[in-house]
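Structure, as structure tokens:
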2 protein chains.
Amino acid sequence: MRTLRADARRSREQIVQAAETAFRRYGADASLEAIAKDAGVGSATLHRHFRSRRQLAEAVFQERTEAVAAVADRLKAEREPGPALVHWLRAALEYAVANRGLVMTLLPPSDEDTATKVCGHQILAAAADSLLSAAQAAGAVRADVTVADTLALVNAMSLLAEQDATADVHHLLELAITGIGPSPSGPGSSRPAAGEMPRT
Amino acid sequence: MRTLRADARRSREQIVQAAETAFRRYGADASLEAIAKDAGVGSATLHRHFRSRRQLAEAVFQERTEAVAAVADRLKAEREPGPALVHWLRAALEYAVANRGLVMTLLPPSDEDTATKVCGHQILAAAADSLLSAAQAAGAVRADVTVADTLALVNAMSLLAEQDATADVHHLLELAITGIGPSPSGPGSSRPAAGEMPRT
DNA sequence: ACCTGAACACCGTTCAAGT
DNA sequence: ACCTGAACACCGTTCAAGT
């Protein structure tokens, strides 16, 4: 895979570009055959370069996923541990809903996929791990929350966004973060505002 | 639709039964053609009775969805408003993850579907509405939580369950309910246990 | 009125044949 | 080494023809 002949390299790049457009236009279920045609290659060529729909999606989104992971480092330096995690989760969701087809790469890979390549899931899991550990060490996040939980939360909202355009997934993420318990000023409330989980 | 000739009625019933098996076995994407074949009818017959995959799913799951809605009435009578809503959300999620293909009927219907029939979404929305109003009136749930939010939460977790077998969706729902803020005994915590949102 | 079988337009995967 | 075009097995939708 490292040393690709010039024409093969070009085929691959054209496929990825066509796929990017197709995913944006038609979502995760975009026709692979149409992508191959758009790229000006045969469908067999597409399948040689990308054994699965997911591998193609990984190639399309890898760079931007790494950029989101990089945001974690910045937040970790600039914010308190709790807010850093919260901000990053919001950013990750924003990124996921803005890129149709992306969530495919954020789900835990199946067994065959595991061996092959880097995937969006592991890139973001590493980023989340660092933020979550710090937040939990600072006592800003419950100890029973796992890295898998944080990513799964983003994935659940992303999947919903693809299926239900009316859903306010950002609001739902806030609920998951702050809980749906009574607000501080509500009647009968016994739960204060979550100072560690600021709105902005 | 009310007065169906005997043979048509039998066709319809066989299709629904075959679909129930197929959804359980293959999930929401089960082949409609295979369902028709299993039912011993032509695919055109299936399409006459059910104009869309969703309409077929509605027929398969309607009874059980109504049973879940009925649970809401029982909980409303037996529990305090806050716990009643929480328990019902858990029950709804359990029901959704236990029945592959069901979540299709719980998503808000698209415009064409709206006019046609009762759907799982509106059945559960009515049930959730009653519980949520009471819980909010009692101050047990934040005022900015909508009926759509509660159902969307269940739907998001259901969709995730279908895509990610490793996800602990029940744990995620608990997070959404109680928040991922610091636990009462955690260091630096300023948030007490949510008395209105008991674990059981 | 309701059904069937067939036709249609699509899809992803694979393989033999080319350069 | 890499590609193409074609073949294969599938899918959902629709329609003409039957009873």
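Keep in mind that the numbers below use all heavy atoms, side chains included, and drop hydrogens, waters and symmetry copies. In what follows, every chain begins at residue 1, and chains take the letters A, B, ... in the order their sequences are listed.
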Under 4.0 Å, counting only non-hydrogen atoms across every strand here, what does B:Ala36 touch: a base, just sugar-phosphate, or nothing? nothing

Between NE2 of A:His49 and C1' of D:dC3 the distance, given in whole Å, is 9 Å

Could you walk me through whether B:Arg90 and B:Glu94 satisfy the salt bridge (Lys or Arg N to Asp or Glu O under 4.0 Å) test, starting with their C-alpha distance in whole Å, then the side-chain angles of each, then the deciding distance to 0.1 Å, before giving a yes or no? CA-CA 6 Å; B:Arg90 289 183 191 135; B:Glu94 204 162 339; over 6 Å; no

Between D:dT14, C:dG12, D:dC2, which nucleotide gets closest to the side-chain atoms of A:Glu33? C:dG12

Using a heavy-atom cut-off of under 4.0 Å over every strand shown, decide if B:Thr45 touches base, sugar-phosphate, or nothing. base

Ranking D:dC2, C:dG12, D:dT13 by distance to the side chain of B:Leu32, first place goes to D:dT13

A:Ser31 side chain near C:dC11 phosphate (N/O to OP1/OP2, under 4.0 Å): yes

Ranking A:Asp29 and A:Ala44 by the position along DNA chain C of their nearest nucleotide, the one closer to 5' is A:Asp29

Which of these nucleotides, D:dC2, C:dC2, D:dT13, is closest to any side-chain atom of A:Asp7? D:dC2

Nucleotide of C:dT14, D:dT4, D:dT13 approaching A:His47 most closely (side-chain heavy atoms): C:dT14

Using OP1 and OP2 only, check whether a side-chain N or O of A:Arg48 sits under 4.0 Å from D:dC2. no

Categorize A:Ser11 for me: base, sugar-phosphate, or nothing, with a 4.0 angstrom heavy-atom threshold over every strand shown. sugar-phosphate

